[in-house]
Amino acid sequence: MALGGYAGRVGHVDLSTGTVDYRPIPDEWALKYIGGRGLGVRYVFENGPQVDPLGPDNILCLMNGPLTGSEAAMSGRLAFVTKSPLTGTVTDSHMGGWSAARLRWAGFDGLVFSGRSNTPVYALVSNGIVELRDASDLWGKGIHETVATLKERHGPGDVSVMAIGPAGENLVRFAAWLNENDRAAGRGGTGAVGGSKQLKAVVVKAQKNYPRPSDREAWRTIHHVTLEKIIDESALTSPRRGGLSVYGTNVLMNITNAVGALGARNSQETSFGERAELISGEYVKEHILVEDPTCHACPVACKKEVEVKEGPWKVKMESVEYEPAWSMGANCGVDDINFVAWLIDRTNDWGLDAIETGQACSVYMEATQRGYVPAGTGLQWGDMEGMARFVEEIAFRRGEGALLANGIDPFTRSIGHAELAMTVKGQATPAYDPRGIKGMGLGYATSNRGACHLRGYSPASELGVIEPKTDPLSVEGKGQLLKLLQDIHAFSDSLDLCKFSAFAESPADYAEQYRVMVGLDSFTADDVLKVGERIYNLERHYNNLAGFGEGSDYLPKRFLEEPSQHGGSKGHVCELDPMLEEYYQARGWKDGIVPREKLEELQVI
């Protein structure tokens with residue numbers, strides 16, 4: 001059957017031979033896994049779970065969804081899907097901006113890169129064709145220079161550039177892909193996979209060409225309904241009114257600090273005290289904000305472009321997001337927003353995951369604090385000049401920074417103090433301390449890509465943004481909550497819509513947009529949850545086959561055993577076990593392993 005919303009074309013690029021094969025998405029896969037994350041995971045699953053993440057047999061998928069590049073609000077997301085060199089799990093990491101829309105306008109549902117080029121190359125995508133071009137002159141350059149060079153070469157208009165930086169080239173295991181200079185597919189080391197293939201960049205040249213919905217009149221109706229929900233004055237997403245639009249994601253800094261869920265000094269503390277205000281979204285707006293850029297089809301404009309005009313940390317960049325502001329700020333004992341903005345920009349240019357990078361700094365700082373590194377070396381809390389040097393050393397694998405280039409877990413094991421690693425499955429925890437937001441602890445533990453806040457964003461419920469509203473300090477019902485949110489997000493990641501759409505839209509809204517775009521007679525909220533559950537179980541099955549079995553869903557002991565001393569969470573630890581038991585029961589899993597009957601029920605096998 002002909003499905004609306006799809007281009008009917010995936011470019012399979014063999015970098016070893018330099019050849020490109022064009023194939024449609026199998027209809028069965030499109031209906032079962034939708035696109036974006038779900039479809040990318042299916043390709044990675046078919047490629048096998050035993051591949052070396054940095055070997056030529058691994059594949060790197062760049063996937064759109066059936067709403068990408070359409071008029072649907074927040075439909076400008078692109079999923080990078082591969083086997084992670086950081087965790088060994090399947091991983092997907094998403095970027096905003098305009099690259100996803102342009103890839104769809106260029107005639108593609110996705111690109112699948114395999115093999116390894118003998119020399120550095122970049123892919124030029126336009127009018128349904130993928131060409132490989134020599135990138136020798138770009139190898140070794142930062143992302144900002146790479147983007148500028150390729151836009152000048154192929155633009156300047158109607159061009160998007162996705163690129164890796166020196167960190168990806170040097171196979172730093174938490175290297176990222178970025179587009180528009182600052183929009184990152186940050187987590188999981190997808191940039192290192194690009195580097196291992198000698199794939200420097202993907203350039204997409206295309207003019208606006210919206211996908212045609214199967215039912216145009218029904219599309220106009222649901223588009224109006226969902227847009228009205230997003231721009232409603234009471235919504236967090238309301239343009240120029242809602243906190244997400246006014247302050248960006250960093251609106252969360254003061255909130256999590258107050259409830260005792262803002263980890264500081266490698267999560268030795270759960271609050272940054274009064275200093276949190278100095279790196280908050282409110283402070284950014286008052287002191288260094290210059291512009292509110294946005295992504296394709298997004299009225300929210302959560303990106304906050306800033307400029308520091310004086311002092312040692314002069315920079316103009318986008319954007320001081322909550323996660324990196326925390327990881328390089330409170331997490332490292334830093335309260336200078338000018339430096340934080342500068343270091344985020346450097347991290348972006350070198351092509352590193354900002355969350356993992358800040359956590360790498362903080363674990364090295366705690367190792368220094370406790371005397372676990374050789375005399376004359378180390379990094380002190382709040383040492384901004386030292387951090388600037390250390391992060392550069394990580395990206396270029398030299399000096400002390402090289403000790404962290406393979407990830408936090410290998411470093412802490414090498415010094416005999418694995419307890420310092422605030423990681424799950426090898427990936428660092430984000431900016432929500434689970435002693436203050438306990439559902440997030442379960443989310444970290446059960447995320448299929450390593451510690452992650454975006455698999456099932458429980459703070460939306462636990463901080464009272466969406467229904468059901470739950471108590472952040474209670475563990476009751478969190479197993480059911482996380483399953484629900486993980487399944488919803490697996491579906492929206494496959495459409496591929498921005499996570500923030502969930503602050504205003506419901507599963508029924510997702511279902512109707514998908515139904516009228518692709519042309520189905522029926523597709524309901526229950527179908528959304530079923531497809532999301534199928535995707536989540538396919539990911540877990542992949543991980544099980546890759547060696548993640550019983551005991552792989554855990555939290556760092558600090559969260560379980562060291563009570564919070566601050567804010568609303570004072571005296572609390574994160575009680576993972578009862579939540580995990582409820583979660584496994586809701587999932588129908590046995591100690592984290594998907595039984596065959598569940599895979600058959602969901603038509604995974």
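Values reported hereafter were calculated over all heavy atoms of this structure, with side chains retained and with hydrogens, waters and symmetry mates removed.
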Colleague: If every non-hydrogen atom of K83 is compared with every non-hydrogen atom of V193, which pair is closest and at what distance?
Modeller: O-CG2, 4.0 Å
Colleague: Drop me the distance from K304's NZ to I288's CD1, to the nearest 0.5 angstrom.
Modeller: 12.5 Å
Colleague: Regarding Q380 and T368, do their side chains bring together a donor and an acceptor under 3.5 Å, going by distance alone?
Modeller: no
Colleague: Looking at R398 and E392, is there a salt bridge between them, counting it only when a charged N and a carboxylate O are closer than 4.0 Å?
Modeller: yes
Colleague: Which residues pass the side chain to side chain contact (heavy atoms under 4.5 Å, CB included) test with A176, not counting sequence neighbours?
Modeller: L178
Colleague: Between E180 and K303, is there a salt bridge with N-O shorter than 4.0 Å?
Modeller: no
Colleague: Assess the residue pair L262 and S271 against the criterion (side-chain contact (heavy atoms from CB on, under 4.5 Å)); give the C-alpha distance rounded to whole Å, side-chain angles, the decisive distance to 0.1 Å, and a yes or no.
Modeller: CA-CA 5 Å; L262 186 71; S271 169; 5.6 Å; no
Colleague: Donor-acceptor check, side chain of S327 to backbone of A354, threshold 3.5 angstrom: yes or no?
Modeller: yes
Colleague: Are any side-chain N or O atoms of E393 and backbone N or O atoms of A402, one a donor and one an acceptor, separated by less than 3.5 Å?
Modeller: no
Colleague: Tell me whether D493 is salt-bridged to K499, with the criterion being a basic N under 4.0 Å from an acidic carboxylate O.
Modeller: yes
Colleague: For the residue pair N181 and E318, confirm or rule out a side-chain donor-acceptor distance under 3.5 Å.
Modeller: no
Colleague: Donor-acceptor pair, distance only, cut-off 3.5 Å: does the side chain of S492 make one with the backbone of L497?
Modeller: no
Colleague: Considering all heavy atoms of both residues, which atom of T190 and which atom of S93 are nearest to each other, and what is their separation?
Modeller: CG2-CB, 4.4 Å
Colleague: Does the side chain of I164 come within less than 4.5 Å of I143's, by heavy atoms?
Modeller: no
Colleague: Whether the Y584 and D553 side chains hold a donor-acceptor pair (N or O, under 3.5 Å, no angle test) is what I'd like checked.
Modeller: yes
Colleague: Nearest heavy-atom pair of R37 and A79: which atoms, and what distance?
Modeller: N-CB, 3.8 Å
Colleague: Measure the NE2-CG distance between H489 and L485 for me, rounded to the nearest 0.5 Å.
Modeller: 5.0 Å
Colleague: Is a side-chain donor-acceptor pair under 3.5 Å present for T470 with S461?
Modeller: yes
Colleague: Just checking, is any N or O donor in the side chain of S447 or Q427 under 3.5 Å from an acceptor N or O on the other one?
Modeller: no
Colleague: Quick check: does any side chain N or O of N250 sit under 3.5 Å from a backbone N or O of I279, one acting as donor and the other as acceptor?
Modeller: yes
Colleague: Start with the C-alpha distance between I337 and L278, add both sets of side-chain angles, then the distance that settles side-chain contact (heavy atoms from CB on, under 4.5 Å), and finish with yes or no.
Modeller: CA-CA 7 Å; I337 194 63; L278 300 177; over 6 Å; no
Colleague: Is there a side-chain contact between S267 and R435 in this structure, where contact means two heavy atoms from C-beta onward sitting under 4.5 Å apart?
Modeller: yes
Colleague: Less than 4.5 Å apart, side chain to side chain, heavy atoms only: is that true for T89 and N448?
Modeller: no
Colleague: Let me confirm one number: the CD-CG distance from E582 to D577, rounded to the nearest 0.5 Å.
Modeller: 13.0 Å
Colleague: What pairs of residues pass the ring pair (Phe, Tyr, Trp, His ring centres under 6.0 Å) test when at least one of them lies in residues 438-488, not counting sequence neighbours?
Modeller: Y432-H453, Y432-Y457
Colleague: Check whether any side-chain heavy atom of F559 sits under 4.5 Å from a side-chain heavy atom of M422, and report yes or no.
Modeller: yes
Colleague: Using atom types as modelled and distance alone, determine if a side-chain donor or acceptor of N331 lies under 3.5 Å from a backbone N or O of N266.
Modeller: yes
Colleague: Got a salt bridge between E539 and R449, using NZ or NE/NH1/NH2 to carboxylate O under 4.0 Å?
Modeller: no
Colleague: Salt bridge or not for K478 and E462, using N-O below 4.0 Å?
Modeller: yes
Colleague: Do other residues, nucleotides or ligands put more than 12 heavy atoms under 6.0 Å from E277 CD?
Modeller: yes
Colleague: Tell me whether the count of non-hydrogen atoms from other residues, nucleotides or ligands lying under 6.0 Å of CD in E291 goes above 12.
Modeller: yes
Colleague: How long is the straight-line distance from CZ of R346 back to CE of M317, given to the nearest 0.5 Å?
Modeller: 10.0 Å
Colleague: Heavy atoms, side chains only, cut-off 4.5 Å: are F174 and I394 in contact?
Modeller: yes
Colleague: Could you tell me whether the side chains of T91 and S84 share a donor-acceptor contact shorter than 3.5 Å?
Modeller: no
Colleague: At their closest point, which heavy atom of R183 faces which heavy atom of P293, and how far apart are they?
Modeller: NH2-CB, 4.1 Å
Colleague: Distance only, no hydrogens: is a donor on one side chain within 3.5 Å (strictly under) of an acceptor on the other, for D433 and T270?
Modeller: no
Colleague: Please test V315 against E307 for side-chain contact (heavy atoms from CB on, under 4.5 Å), starting from the C-alpha separation and ending with a verdict.
Modeller: CA-CA 6 Å; V315 69; E307 185 173 11; over 6 Å; no
Colleague: Residues two or more places apart in sequence or in another chain: which of them pass side-chain hydrogen bond (donor to acceptor under 3.5 Å, both in side chains) with D487?
Modeller: K483, R587
Colleague: If you measure from the Lys or Arg side-chain nitrogens to the Asp or Glu carboxylate oxygens, is any gap between K425 and D409 under 4.0 Å?
Modeller: no
Colleague: Please check: side-chain N/O of Y247 versus main-chain N/O of Y283, any donor-acceptor pairing under 3.5 Å?
Modeller: no
Colleague: Could you tell me the separation between the CE atom of M74 and the OG1 atom of T237, rounded to the nearest 0.5 Å?
Modeller: 5.0 Å
Colleague: For C332, run the side chain to side chain contact (heavy atoms under 4.5 Å, CB included) check against R265, M387, M384 and tell me which one passes.
Modeller: M387
Colleague: Rounded to the nearest 0.5 Å, how far does CG of L171 lie from CZ of R397?
Modeller: 6.5 Å
Colleague: Please examine the side chains of D182 and S319, heavy atoms only from C-beta on, and report whether any two atoms are closer than 4.5 Å.
Modeller: no
Colleague: Is a side-chain N or O of S552 found less than 3.5 angstrom from the main chain of G549, in a donor-acceptor match?
Modeller: yes
Colleague: Can you pull out every ring pair (Phe, Tyr, Trp, His ring centres under 6.0 Å) where at least one residue sits in residues 406-426? Sequence neighbours excluded, please.
Modeller: Y364-F411, Y372-H417
Colleague: With K316, which residues qualify under salt bridge (Lys or Arg N to Asp or Glu O under 4.0 Å), at least two apart?
Modeller: E305
Colleague: Checking H94 now: which residues fulfil ring pair (Phe, Tyr, Trp, His ring centres under 6.0 Å) with it, not counting sequence neighbours?
Modeller: none
Colleague: Give me the atom names and distance for the closest heavy-atom approach of W177 to M162.
Modeller: CZ3-O, 3.5 Å
Colleague: At their closest point, which heavy atom of V334 faces which heavy atom of G382, and how far apart are they?
Modeller: CG2-CA, 3.9 Å
Colleague: Would you sort out whether Y322 and V251 count as a side-chain contact (heavy atoms from CB on, under 4.5 Å), showing the intermediate values?
Modeller: CA-CA 7 Å; Y322 170 60; V251 69; over 6 Å; no
Colleague: Could you verify whether a donor N or O on one side chain and an acceptor N or O on the other, from H144 and D345, lie under 3.5 Å apart?
Modeller: yes
Colleague: Okay, side chain of E356, backbone of D353: is any donor-acceptor separation there less than 3.5 Å?
Modeller: no
Colleague: If you draw a 6.0 Å radius around CD in E419, do more than 12 non-hydrogen atoms from other residues or ligands fall strictly inside?
Modeller: yes
Colleague: Side chains of M440 and P459, heavy atoms from C-beta outward: is any pair under 4.5 Å?
Modeller: yes
Colleague: Sub-3.5 Å donor-acceptor pair from the side chain of R275 to the main-chain atoms of A330, do we have one?
Modeller: no
Colleague: Just by modelled atom types, is the V475 backbone N or O under 3.5 Å from a matching donor or acceptor in the E575 side chain?
Modeller: no
Colleague: Any non-hydrogen side-chain atom of E269 less than 4.5 Å from a side-chain atom of Q565?
Modeller: no
